[in-house]
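Nothing fancy with the numbering, it's 1 onward along the sequence.
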Amino acid sequence: VIVFGAWEIDTWYSSPYPQEYAMLPKLYLCEFCLKYMKSRNILDRHMAKCKWRHPPANEIYRKEDLSVWEVDGQTSKIYCQNLCLLAKLFLDHKTLYYDVEPFLFYVLTKEDEFGSHLIGYFSKEKSCQQRYNVSCIMTMPQFQRQGFGRLLIDFSYLLSRIEDQPGSPEKPLSDLGCLTYHNYWNSVIKEYMYANREGPPISLRSARK
């Protein structure tokens with residue numbers, strides 16, 4: 001179990017936190033800087049001093065109370081490592097924990113009067129010969145089934161279009177990632193077909209445009 005902001009969340013998998021933390025029945029995390037701690041008292045003292053209220057990055061997208069932040073794994077190494085350790089608690093295939101420098105992390109948050117709360121993220125390599133546009137994608141359990149996974153995938157393809165590069169997620173996908181992408185493309189194709197139902201016959205060439 002982890003304590004994360006206002007939530008107590010049952011974790012799904014183990015994560016390679018340092019041994020003295022990994023053996024605890026409950027782990028306490030700052031929801032802004034993602035530092036992990038051993039007790040509620042330590043967390044409360046930390047929160048009284050922690051000045052972070054959003055990821056250490058440039059805000060590159062905002063709509064109402066939702067924001068996306070581009071975090072560089074080289075300049076914000078500790079934050080990105082902690083983000084990867086957190087993600088491993090909910091992803092079975094994740095293997096990246098500490099070698100974060102070659103990656104960019106796109107962090108989705110929801111803002112209120114207390115700060116920008118982590119919803120999920122995806123990462124991608126800065127330079128990838130295979131042209132993967134997503135290396136890892138994760139939505140926090142308390143925000144799943146609310147359309148945020150689709151928003152993250154949409155954003156990854158938007159970046160690919162801006163870079164004028166075709167892109168696809170890195171394989172293999174986790175079980176959750178596979179389901180998320182299946183649902184994403186199922187809905188995208190249905191929406192496209194419905195929007196073009198009165199036009200000329202649909203072809204792969206026209207759909208690509």
Just checking, any donor-acceptor pair under 3.5 angstrom between side chains of Ser116 and Arg53?
no
Contact between Ile119 and Met140 at the side-chain level, heavy atoms closer than 4.5 Å - yes or no?
no
If we ignore angles and hydrogens, is there a donor and acceptor under 3.5 Å between the side chains of Thr139 and Gln144?
no
Is there a side-chain contact between Val100 and Tyr98 (heavy atoms, below 4.5 Å)?
no
Heavy atoms of Gly149 and Ile137 approach each other most closely as O-CD1, 4.3 Å
If I compare all heavy atoms of Cys80 with all of Val71, which pair ends up nearest, and what's the gap?
SG-CG1, 3.6 Å
Using a strict cut-off of less than 4.0 Å between a Lys/Arg side-chain nitrogen and an Asp/Glu carboxylate oxygen, indicate whether Arg62 and Glu111 qualify as a salt bridge.
yes
Using residues 30-40 as the side-chain source, report each donor-acceptor pair under 3.5 Å to any protein atom, sequence neighbours left out, with the distance given to one decimal.
residue : atom : partner : partner atom : Å
Glu31   : OE1  : His117  : ND1          : 2.8
Glu31   : OE2  : His117  : ND1          : 3.3
Ser39   : OG   : Ile42   : N            : 3.2

Got Leu91 and Tyr13 here, is their nearest side-chain heavy-atom distance under 4.5 Å?
no
Within the structure provided, determine whether Phe103 and Ser135 are in side-chain contact (heavy-atom separation under 4.5 Å).
yes
For Tyr181, check ring pair (Phe, Tyr, Trp, His ring centres under 6.0 Å) against everything at least two apart and list the hits.
none
Option among Tyr106, Phe148, Tyr157, Phe105 that satisfies the ring-ring contact (aromatic ring centres under 6.0 Å, His included) test with Phe122:
Tyr106
Tell me if the centroids of the rings in Tyr61 and Phe155 come within less than 6.0 Å of each other.
yes
With hydrophobic residues grouped by side-chain heavy-atom distances under 4.5 Å, do Leu66 and Ile60 end up in a single group?
yes
I'd like to check Trp69 versus Thr109 (side-chain heavy atoms, cut-off strictly below 4.5 Å). Are they in contact?
yes
So Glu70 and Lys124, salt bridge (Lys or Arg N to Asp or Glu O under 4.0 Å) or not? Walk me through it.
CA-CA 11 Å; Glu70 185 182 67; Lys124 61 178 291 187; over 6 Å; no
Quick one: which residue pairs count as a side chain to side chain donor-acceptor pair (under 3.5 Å) with a foot in residues 75-87, not counting sequence neighbours?
Lys77-Glu101
Does the side chain of Tyr28 reach to within under 4.5 Å of the side chain of Ile2, using non-hydrogen atoms?
no
Just so I know, are the side chains of Leu83 and Tyr121 near enough to count as touching, which here means a heavy-atom distance under 4.5 Å?
yes
For Ser160, check side-chain hydrogen bond (donor to acceptor under 3.5 Å, both in side chains) against everything at least two apart and list the hits.
Asn133
Heavy-atom neighbours of Trp7 CH2 exceed 12 at 6.0 Å:
no
By ring pair (Phe, Tyr, Trp, His ring centres under 6.0 Å), which residues pair with Phe4, not counting sequence neighbours?
none
With heavy-atom distances below 4.5 Å as the criterion, would you say the side chains of Leu29 and Val3 are in contact?
no
Can you name the ring pair (Phe, Tyr, Trp, His ring centres under 6.0 Å) partners of Phe114, sequence neighbours left out?
none
Rounded distance [0.5 Å steps], CD in Gln19 versus CG in Leu24:
11.0 Å
